[in-house]
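Here is how names work: the chains are called A, B, and so on, in the same order as the sequence lines, proteins then strands, and each is numbered from 1. Just so we're clear, the structure is a prediction, and the values are computed from it rather than from any experiment.
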Amino acid sequence: MNPNGQNLRFLLDKSLTLKQLKQVHAPIISNGLHHLQTLLLRQVLHSDFTFSAAIARYVHLILHNLKNPDAFSWSCAIRYFSLHSQYETALSLYLKIKRLGLCPSSFAVSSALRACARILNELGGISIHAQVYKFGFCGCVYVQTALVDFYSKLGDMKTARKVFDGMPEKNVVSWNSVLSGYLKSGDMEEAQVVFDEIPNKDVVSWNSMVSGYARMGNMDKAYFLFQQIPQRSLASWNAMISGYVECERVESARGIFDAMPLRNNVSWITMISGYSKCGNVESARQLFDQMSERDVLLFNAMIACYAQNSQPKEAIELFNQMLKLEVNIQPNETTLASVISASSQLGDMKFGLWAEFYMSEHGIELDDHLATALVDLYTKCGDIDRAYKLFHGLKKRDVVAYSAMILGCGINGKAVEATKLFEDMVNADICPNVVTYTGLLTAYNHAGLVEEGYRCFNSMKEHGLEPSGDHYGIMVDLLGRAGQLDKAVELIRSMPMQPQAGVWGALLLACSLHNNVELGETAARNCFKLEPDKNGYYVLLANIYASAARWDDERRLRKVMEKKGFAKIPGCSWMDSM
DNA sequence: GTAGGGTTAG
């Protein structure tokens, strides 16, 4: 049957699948049925299709095929892209509508404002604000509310309040917008005042307050409000969970989780990431296994949990499961960032190259998180040039990126470059943190620069940073290797926290390098106590005894090792067993 | 139509 205008029109009144839409589109264009294109566009824009690049292209195609571009169609498209987080596209369409000389509808204006708010396009939003008067949207609640929200998201509460106070008519969304602005800027007092003034609070008003107090760490107040919510939504419960997780009260979070009448993926993921943060991988995995409806974010949370808790093999194993046909979930940028981190912990360069290939094949954008993960991977595998290329290609170099690059230079013996990067970073007004110092100290350590290391270590306090056990460990290693064993011991004694095994291990290694039996025994005793199952420490002490020709002690130690079930260690590979 | 809850890199 040859489709004509009438039966196509009939089809368009139905709810169509994307495939059907595509089939309808061609005859509409070829038969010159331009008036039906608007209908077709409306079908697409009002459908429940999940957003995809294909649909986006499709919308553009119809839009540009319209013989008589009308404000309504364009406005629909702007709203569509804005709702699907395609803010840049929405804004460019908004600019186009104005170039065409058309008057945008009120929802085109509010959608464009929403886009500006989300991508923090200050100038764009302000110029739309000016147009609001020109187009006569001063009395439109939706547009005015979008303006309040725009300034709130920007943190400009003065202007937000001015627009809000000038609104002839307000609805609960307008109130919620100004409320969330105060909450976002941390002004709890003003937020509470606004909240108390809202004439008919809805569940969003309540939830905003709960998560506001939760973010401030005031969980008592958050819980107090939570209990009073007339009709709790899923988000109310989830806000409580993430609040407790944020305050590292994972058991309280679990209490809320267990008490929920209904859970969604957000509840599960928040809970899993909570367990991840406190190192409880087992509980996280238990939850993951209980969850049957797994999406990419759930996998991401669990993979990240493994990667962040030094279980890189498990991270990669789960990633492989995710790719299996029966699961068939497409990884995204977040997934790859975690998996690359896991590969880096394994020192597996192959995976980085595979990941870059996979990304180009699947159109996954190399964002800054991913690039930083790759910088870390490539430097750990010794490919500094490749890492530098990625580092220089970053859109924004932040403290994490600099720290990765500094550490990368450090472990590759490039102390001068590490120092240079550190200076660049400080000059760019980026504040170093404890990880940055780990990188810098590692650089001095690898280069054997004791003086510089000392100075660096002491300067941490000037930046308001407290050295961690790791920092002490590196310093002990640096001093120890240089033969300054007394200073190393002195440093350990000065530690404000209990030294971990690694710190004593560094001293033990130094003692073996410099043949110091007495100190070596002390260090070893502490290592044995803290990590009784690690044979490397025994081997080191045995080597110390051997080099001092204390064969009785050496034999005695070997016997202990055999009793503990350690395999006999050939003399050459003790470094590997550390 | 406007508002709220989830995963990522050193």
Side-chain angles (χ1 to χ4, degrees), chain A residues 75-76 78-79 82-83 105-111 113-114 117 140-150 152-153 170-181 183-184 202-212 214 233-243 245 264-274 276 295-305 307-308 331-342 344 367-377 379-380 390-391 394 398-408 410 432-436 438-439:
Chain A
S75 297
C76 280
I78 293 170
R79 178 178 149 260
S82 179
L83 279 179
S105 70
S106 62
F107 50 87
V109 175
S110 52
S111 300
L113 275 169
R114 177 188 144 100
C140 174
V141 194
Y142 299 127
V143 171
Q144 295 295 320
T145 302
L147 275 172
V148 173
D149 188 54
F150 167 73
S152 289
K153 284 217 164 50
K170 302 176 179 81
N171 62 22
V172 66
V173 182
S174 328
W175 282 95
N176 288 344
S177 294
V178 79
L179 173 65
S180 75
L183 290 169
K184 195 168 165 277
D202 66 359
V203 68
V204 177
S205 330
W206 286 95
N207 292 351
S208 304
M209 284 303 279
V210 168
S211 55
S233 66
L234 264 168
S236 328
W237 294 86
N238 289 339
M240 286 301 292
I241 298 181
S242 71
V245 162
N264 64 2
N265 276 20
V266 178
S267 334
W268 291 85
I269 292 168
T270 313
M271 208 50 237
I272 288 176
S273 76
S276 174
D295 65 0
V296 61
L297 272 77
L298 193 79
F299 267 95
N300 288 353
M302 195 60 226
I303 292 173
C305 174
Q308 289 163 351
N332 62 15
E333 285 86 351
T334 311
T335 327
L336 288 178
S338 290
V339 179
I340 290 168
S341 157
S344 168
D367 62 20
D368 282 2
H369 274 122
L370 265 172
T372 306
L374 285 170
V375 164
D376 175 63
L377 171 66
T379 57
K380 292 229 165 80
L390 283 163
F391 179 74
L394 289 172
D398 64 1
V399 61
V400 183
Y402 268 107
S403 303
M405 203 59 226
I406 289 171
L407 180 67
N433 61 22
V434 284
V435 186
T436 322
T438 303

A:N433: which residues meet the side chain to side chain donor-acceptor pair (under 3.5 Å) condition with it, sequence neighbours left out?
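With sequence neighbours excluded, A:N433 shows a side chain to side chain donor-acceptor pair (under 3.5 Å) to A:T436, given in chain and number order.
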Residues two or more places apart in sequence or in another chain: which of them pass side chain to side chain donor-acceptor pair (under 3.5 Å) with A:K380?
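With sequence neighbours excluded, A:K380 shows a side chain to side chain donor-acceptor pair (under 3.5 Å) to A:D376, given in chain and number order.
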So what does [X] touch, heavy atoms closer than 4.0 Å: a base, only the sugar-phosphate, or nothing?
X      : answer
A:V143 : nothing
A:L83  : sugar-phosphate
A:N332 : nothing
A:S273 : sugar-phosphate
A:K153 : sugar-phosphate
A:T270 : sugar-phosphate
A:A146 : nothing
A:D367 : nothing
A:S233 : base
A:D149 : sugar-phosphate

Hey, can you pull the residues of residues 334-341 of chain A with a non-hydrogen atom under 4.0 angstrom from DNA chain B?
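Within this stretch, A:T334, A:A337, A:S338, A:S341 sit under 4.0 Å of the strand.
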Assess the residue pair A:F299 and A:T335 against the criterion (side chain to side chain contact (heavy atoms under 4.5 Å, CB included)); give the C-alpha distance rounded to whole Å, side-chain angles, the decisive distance to 0.1 Å, and a yes or no.
CA-CA 8 Å; A:F299 267 95; A:T335 327; 5.9 Å; no
ring-ring contact (aromatic ring centres under 6.0 Å, His included) with A:F391: which residues, sequence neighbours excluded?
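Checked A:F391 against ring-ring contact (aromatic ring centres under 6.0 Å, His included); matches are A:Y402.
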Report the C-alpha separation of A:V148 and A:S174 in whole Å, then their side-chain angles, then the decisive distance to 0.1 Å, and conclude whether the side chain to side chain contact (heavy atoms under 4.5 Å, CB included) test is met.
CA-CA 7 Å; A:V148 173; A:S174 328; 5.8 Å; no
Say whether, by atom type as modelled, one donor and one acceptor occur between the side chain of A:S341 and the main chain of A:A337 under 3.5 angstrom.
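No, the answer is negative, given that no donor and acceptor are paired below the 3.5 Å cut-off.
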Mind checking what makes salt bridge (charged side-chain N to carboxylate O under 4.0 Å, His left out) contact with A:K184, not counting sequence neighbours?
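Expected list: none.
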Taking the side chain as every heavy atom from C-beta outward, state whether A:V203 and A:S236 have any atom pair closer than 4.5 Å.
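Sidechains of A:S236 and A:V203: in contact.
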Hey, are the side chains of A:N176 and A:D202 touching, using non-hydrogen atoms and a 4.5 Å cut-off?
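Yes; the side chains approach each other to less than 4.5 Å.
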Terminal contacting nucleotides, 5' and 3', DNA chain B versus chain A (heavy atom, 4.0 Å)
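First-to-last contact on DNA chain B, by the 4.0 Å heavy-atom rule, is B:dG1 to B:dG10.
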